[in-house]
Structures are given as structure tokens and as C-alpha cells.
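One structure is given below, encoded as C-alpha cells.
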Amino acid sequence: MAREQLAVMELLWGMITGKTGPISRIDYFPQKPAWSENEADSTPLVRATPESQGISSDMLCDMLKDLRGRTEMDMHQFLMLRNGKVICECSFSPYQTGMWHISHSMCKSVTGMAVGLLISEGKLSLDDRVIDIFGKRKSFFGVLRQREITVRHLLTMTSNVAFNELGIFSGNEWTKGFLESGVHDVSGEVFEYNSMNSYMLSAMITEITGETMMEYLRPRLWEPLGIRRVFWECSPQNVTKGGWGLFIRPEDAAKLGQLYLQKGMWNKEQIIPEEWVLESVKRQVDTKKDQPEAGGYGYQIWQGIRPGSFNFNGMLGQNVIVYPDLDIVMVTNAANRELFQNGTMREIIEGYFHENFCPPEVLPEDKCAYSKLKALEKCLSEGGMKVPGIEKGGWRKHKGVRPGAVITRESIKKLSGNVYELEQQNVGIFPLMMQVFHNNFTDGIRRIGFRYADGRFYMDVWEGECRQEIEIGINKAVSVTIIEHDEPYLAKVTGEFASDEERRLVLKIDIAFLEEAARRKMKVYFSKDKDKIEIRWDEIPGEHVILSGLDAVTDESKNGFFLNSLKEAGGMEMMKMAVRNTVQPVTYGMRTQE
């Protein structure tokens, strides 16, 4: 793993030292399409009142308030089905109901579905050896190291291959890197979560069928379920990523959960074999060998706490939660400050749907409670309740900033036309997490300017050689399309003026990327004569999540000489401090003449 670790260290060092442009060894190419409201929509599910399906509107109100009210959570969308009908659908301002959203590892469960379909066609089996499937690419040392690894081991995260998610930064040939890598433990015995297992399952489908997994699934899964608005990133070798990179609407994600609740049946057609569904959701391996009661893992699917329940789970709060005994499916999208599947969101939901919860098939209609639920959904979608991450801790507090200062239109106009050359030109509009996940690294912001025109306030950003016009909604969110290296991302941008104890004008900017589990945040401090600016940058979920990921990188059982040597020398604390400064940098600018 020396080559892979060097690549990771190069990437980290490049970000820490302010290097811009392509700082990974992966070739970048634009692939994400723009979200469009005008496209033909997916086939909608039936809507119903909660009471008609045996669920109390009052209970749903309480749960939505609890999901919104926690500082460690940043909810984006929530959707709930009972008996296959939508009984609750809510977006949390500034996010929009019905828009597709990054799913992170939730899509691994879809990869498991594709493998089940291929097995049902007789083109693959659980006990096929990986080196035999990729026979043309196997190497002598790969055969020695991985001769026992099967499809089953990839599905259950028990391959124990050392080439993990970080290994991809060593170059474009991810399949080759996996096949030539060493193995930690005896395959099949130890659970070790590794997204490259899912990637290899996708690569396997392409190797056998000649199609990408996305193409393979279109007539077999997407079209039968009426899922038309879906996008899945691929690798530089045109392999669907499999373990991450899927953008999907909450309602369409709920269809996938409902499909498995119905044991693979959809509209009286067996889409996925029932036997495969039952085996997929069954515990195939303990996720904690010393604590078998803590949870289990099936074929790319997590078991839930409630008996018989299961989850399609992605980091930061992307979930499809299925309670078969209750005939309930829930979908969540969020940017929580908790990296892994166990966390506050899961505790809140499980608190309402505990083991003894047993709703009736139907309740008397309650027009008053239902009206309150619809009003709450509208209120949350329009920002009527406090937004975690802005009012409740998303900013690191800086003494002396006083919100609520009265700023007149004339004051805003005084900023119009001001352009500032930045001293440090390594920060991008994209948060670091988006740069890393999409291999779309900033060329560095070199200038920032402000304009007021036709009653609208704009921030002009010169990032590399490109200039972007970003409208800022003062005390309200406005829609903006931000394009990074030809990839369009829809965002809502909100601005708020304040002043600090030195009576400097302060502009707080929140850029919420609506399709992502991330936000970019800025505080711009203007000198009294407006000749200088100081910008304090931040992102959500930010420092805590990135440092949690860095801790995972330094697990001694997974990494060799370089990272362990750094850890033993005490260098990781210095590295963490540098990462904090990278996530929350401070840059300075001087007004220039255009």
C-alpha cells in the first residue's frame, strides 16, 4: 500500500499547503448533468393522509420538530411511506422537496440489487472467485494474495483487501489497484467496511455484460419502478462507482425500500428474486466480532435495531429505513455532523418506531392534526423554524460580532463595484468534501467583488480563470447555479449583514448546495474605509467529520509504514491542526482597481 499511502499524503499535503488545481492523481472529467425541473418526472407514488394509514399526524409533527431541532443535525429532506403510500414529505429550508440528492454509501444497496439480478440470470454466483472473473487482468502476486476471495466476500465486506477508498487517489486504474493489493485477514471472517468492495462488484457487472452497472439497471430496475431522474458517477475507466456517487430523489429512493419490503415485487411483477431479497437483508456477518448483538450486515445492507428491519445507509444522514412488520419506509437526506450510521438521527427515529410501537391499519381522520402537519411541512420548507448550522452553532463563534445591525440600501450600494485581490488564493467555492468526492478541486479564488444592480446584490468570484456571478439573497435564500469545471450544482445563497465590536461591516454568507450533503460558509469583514477585507471560511459538516475520517485513515490494521510512522512520531496532531486550518482558513484581500 506504499504507493496508495503516498498518494493520500500528497493529497492531504496539497490541500494543507494551499496547492490548487488537480491535486490528486485521478484524471478529472466533467460528468454531472444539471438538475432540471422541466424534465419528465418519475412515476409518482400515491399520496394519503397519515390517519388513513394508521399513523398519527401529531406524532409525525413531533418527529419532524425533533429532527429539525438538534444542533448536530442539518436535515435536508424527509419522506415516509406506509402501505406504499406517501404520508409525510418535507424539505427543510433552503432545501427543496423532490430534488435529487447525493446518496453516498446508501447506493451500495442498489449495487447489491444489481448483483442479485446478474446471479438470477445465471451469469454469476456467490462463490465465483474474483480473480477468475477478472482473469485477463490478474497478476501473479494478486493470485497468491486473493485466490480465496469470492463475490460473497465483496457483498459482505469481508474481503479484507487493503486497497480501500483512499487507494483510488493513486491513479485511474482502480480495478488493477484492487486486484494487485494485499489482504489483511482471512477473507470471509472479519467485517471491514470498504467501498472498493462495492466498486469491484460494479466492475464485475461491466466485465461480464459489457455495460456499465447504470446501463445494466436501466431496463431491469429504473424503468420498471418509474425512476427516470437518476444519475450515477463513474470512474475514469467508465465503471459506475457502485459504492458512492449516486444522485436520486427521495421518492425514488423510497421505491427501492418498498421494493425490498415487498420482497422484490412491484406492480405484480417480480423485479428482483424473492430469495435474493431475503438473503440480502439477513445477517450474513457481525459488524463487531466482539459485540455480535451490536448489528449485522447482509449483502450491502445494514440490519436495523427493530427486529426484522434493515437500512440502506449513507454517511452524514442519507438513509432508506425499512420496517417490514409495520409496512413503513422512511427516507432521509441530511448533512449531519455525525459521520457514521449510528447517531442522533437514528436515535430519534428509533425512539418513535421502537420495538413496542404497533400502529393500527387505520385511524379516524383528524383534520385538525393533519392541517397542523401540513402547516409544519410548509413552515419548515420556507425556513419558519431556526436553521441548524446558521443560528445554532454552524459558525464558530467570534467574539464581538453583533447580528441584526440595521444596514440601509445606501450602505449596500457603497460596496457595489468594490473588487478585492486576495493574498491567499487557495480556497474554493466548493467545500473540501465536495472537492474530494467529485475529484473537482479548486483552481483557487483570486478575486472577490460585490455589486448591487436592479435591486439585487451579487458576489463576483474569480476562481482560476473563470468568473462566477453569485446572487446573495439578503435575509432570504435565492437560487443560483454554480459551475465548477463544467459541472453545474444548484445552490441557495443567503446573506446577512451585521457589525462587530469595532463597528466593521460584516457580511455572513451561507451557500447551501441543494444536491449535496455540504454547505460553504463565509464571513466577510470590511475595514471602515472598505479598502480591506478579511474572510473567515467554514463548511458543513466540516471539521469534526473530516477529522473523523482522518482518524480512520490512521487505523494501524489498515495502513502501513508511512501513516503509522507519522502517527508514532506524533505528527498526526500537527496534521490535524493543519486540517483544521484548511477547513476554516482565513484569507485577506485588498481593494484593487478594475
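Residue numbers count from 1 along this sequence. None of the values given here were measured: they were computed from a predicted structure.
- Atom CD1 in I272 sits 5.0 Å away from atom CE in M113 (nearest 0.5 Å).
- The aromatic rings of Y489 and H438 sit tilted, their planes meeting at an angle between 30° and 60°.
- At distances below 3.5 Å, at least one donor-acceptor pair connects side-chain atoms of Q300 with backbone N or O atoms of L154.
- M75 CE to R68 CZ: the interatomic distance, rounded to the nearest 0.5 Å, is 8.5 Å.
- To the nearest 0.5 Å, the span separating CE on M80 from OH on Y323 amounts to 9.0 Å.
- Across V239 and S202, no two heavy atoms sit closer than the pair CG1-OG, 3.6 Å.
- Of the listed residues (F437, W244, F247), just one forms a ring-ring contact (aromatic ring centres under 6.0 Å, His included) with H104, and that residue is F437.
- The pair K241-E233 meets the salt-bridge criterion, since a charged nitrogen lies less than 4.0 angstrom from a carboxylate oxygen.
- D510 has a carboxylate O that lies under 4.0 Å from a charged side-chain N of R519, or vice versa, which qualifies the two as a salt bridge.
- T240 and Y216 share no donor-acceptor pair across their side chains, judged by distance under 3.5 Å alone.
- Using a 4.0 Å cut-off between charged nitrogen and carboxylate oxygen, R47 and E251 count as a salt-bridge pair.
- Annotation for E275: atom CD does not count as buried by contact number, only 12 or fewer foreign heavy atoms lying within 6.0 Å.
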From CA spacing to verdict: side-chain contact (heavy atoms from CB on, under 4.5 Å), Y299, L126: CA-CA 11 Å; Y299 294 152; L126 287 171; 3.5 Å; yes

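- A heavy-atom distance below 4.5 Å is not found between the side chains of Q77 and V331.
- The two residues T209 and I205 have their closest heavy-atom pair at OG1-O, 2.7 Å.
- Relative orientation of the F353 and F357 rings is perpendicular, given thresholds of 30° and 60° on the angle between their planes.
- A donor-acceptor distance shorter than 3.5 angstrom exists from the side chain of N194 to the backbone of M196, with no hydrogens or angles considered.
- The two residues A254 and L79 make their nearest non-hydrogen contact at CB-CD2, 3.7 Å.
- For the pair R220 and E121, the salt-bridge criterion is met [side-chain N within less than 4.0 Å of a carboxylate O].
- Between L64 and C88 the shortest side-chain heavy-atom distance falls below 4.5 Å.
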Could you give me the CA-CA distance, side-chain angles and deciding distance for V478 and I472, then say whether side-chain contact (heavy atoms from CB on, under 4.5 Å) is met? CA-CA 7 Å; V478 294; I472 301 174; 5.9 Å; no

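- Residues I305 and R346 form a side-chain contact, since some pair of their non-hydrogen atoms from C-beta on lies under 4.5 Å apart.
- Ionic pairing of E496 and K508 is present here: one or more N-O contacts between side-chain nitrogen and carboxylate oxygen are shorter than 4.0 angstrom.
- Rounded to the nearest 0.5 Å, atoms CZ (R306) and CD1 (I321) are 12.5 Å apart.
- When every heavy atom of Y260 is checked against every heavy atom of I301, the shortest pair comes out as CE2-CD1, 3.6 Å.
- Side-chain atoms of Q318 come within 3.5 Å of backbone atoms of A334 as a donor-acceptor pair (strictly under, hydrogens ignored).
- Tested against S57, the residues E51, K374, K367, E365 include a single side-chain hydrogen bond (donor to acceptor under 3.5 Å, both in side chains) partner, E51.
- Using a distance-only test at 3.5 Å, with no hydrogens or angles considered, no donor-acceptor pair links the side chain of S159 to the main chain of H153.
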Please determine whether side-chain contact (heavy atoms from CB on, under 4.5 Å) holds for the pair V281 and V322, giving the CA-CA distance in whole Å, both sets of side-chain angles, and the decisive distance to 0.1 Å. CA-CA 10 Å; V281 303; V322 184; over 6 Å; no

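- At a threshold of 4.5 Å between non-hydrogen side-chain atoms, the residues W302 and T287 count as touching.
- Salt-bridge formation is detected for the pair D252/K255: a Lys NZ or Arg NE/NH1/NH2 atom is positioned less than 4.0 Å from an Asp or Glu carboxylate oxygen.
- Using a distance-only test at 3.5 Å, with no hydrogens or angles considered, a donor-acceptor pair links the side chain of Q468 to the main chain of I483.
- Taking 4.5 Å as the limit, some side-chain heavy atom of M345 sits within range of a side-chain heavy atom of N319.
- If you check the side chains of S195 and K108, you find a donor sitting under 3.5 Å from an acceptor.
- No side-chain donor-acceptor contact under 3.5 Å links Y95 to the backbone of N333.
- Of all heavy-atom pairs between G112 and L155, the closest is CA-CD2, 4.3 Å.
- Atoms CD1 and CZ, from I511 and R520 in turn, are 8.0 Å apart once rounded to the nearest 0.5 Å.
- Counting heavy atoms from C-beta outward, S479 and Q96 have side chains that approach closer than 4.5 Å.
- Here the side chain of D74 pairs no donor or acceptor atom with the backbone of N336 at under 3.5 angstrom.
- Between E279 and K282 a salt bridge is recorded (basic side-chain N to carboxylate O distance below 4.0 Å).
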Quick one, I429 with I470, criterion side-chain contact (heavy atoms from CB on, under 4.5 Å). Give me CA distance, side-chain angles, the key distance, then yes/no. CA-CA 10 Å; I429 288 295; I470 300 175; 4.1 Å; yes

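- Aromatic rings from Y28 and F441 are positioned such that their centres are separated by 6.0 Å or more.
- The closest side-chain heavy-atom distance from L259 to L221 is below 4.5 Å.
- Within a 6.0 Å radius of NZ in K32, other residues, nucleotides and ligands contribute more than 12 heavy atoms.
- The line from CE of M157 to CZ of F191 is 6.5 Å long, rounded to the nearest 0.5 Å.
- Shown here for H101 and E516, the closest heavy-atom pair between the two residues is NE2-O, 3.2 Å.
- Heavy-atom contacts from other residues, nucleotides or ligands closer than 6.0 Å to CD of E211 number more than 12.
- Put simply, the side chain of S56 gets close to the backbone of M59: a donor and an acceptor are under 3.5 Å apart.
- The closest donor-acceptor contact from the side chain of T111 to the backbone of G242 lies under 3.5 Å.
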Begin with the C-alpha distance, continue with both residues' side-chain angles, and end with the deciding distance and a verdict on side-chain hydrogen bond (donor to acceptor under 3.5 Å, both in side chains) for Y352 and D66. CA-CA 11 Å; Y352 283 93; D66 284 346; 2.6 Å; yes

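- Under a 3.5 Å cut-off, the side chain of R229 and the backbone N or O of W35 do not form any donor-acceptor pair.
- Within the 4.5 Å cutoff, the side chain of R70 has no heavy atoms near those of the E347 side chain.
- Side-chain N/O atoms of N440 and Q435 include no donor and acceptor closer than 3.5 Å.
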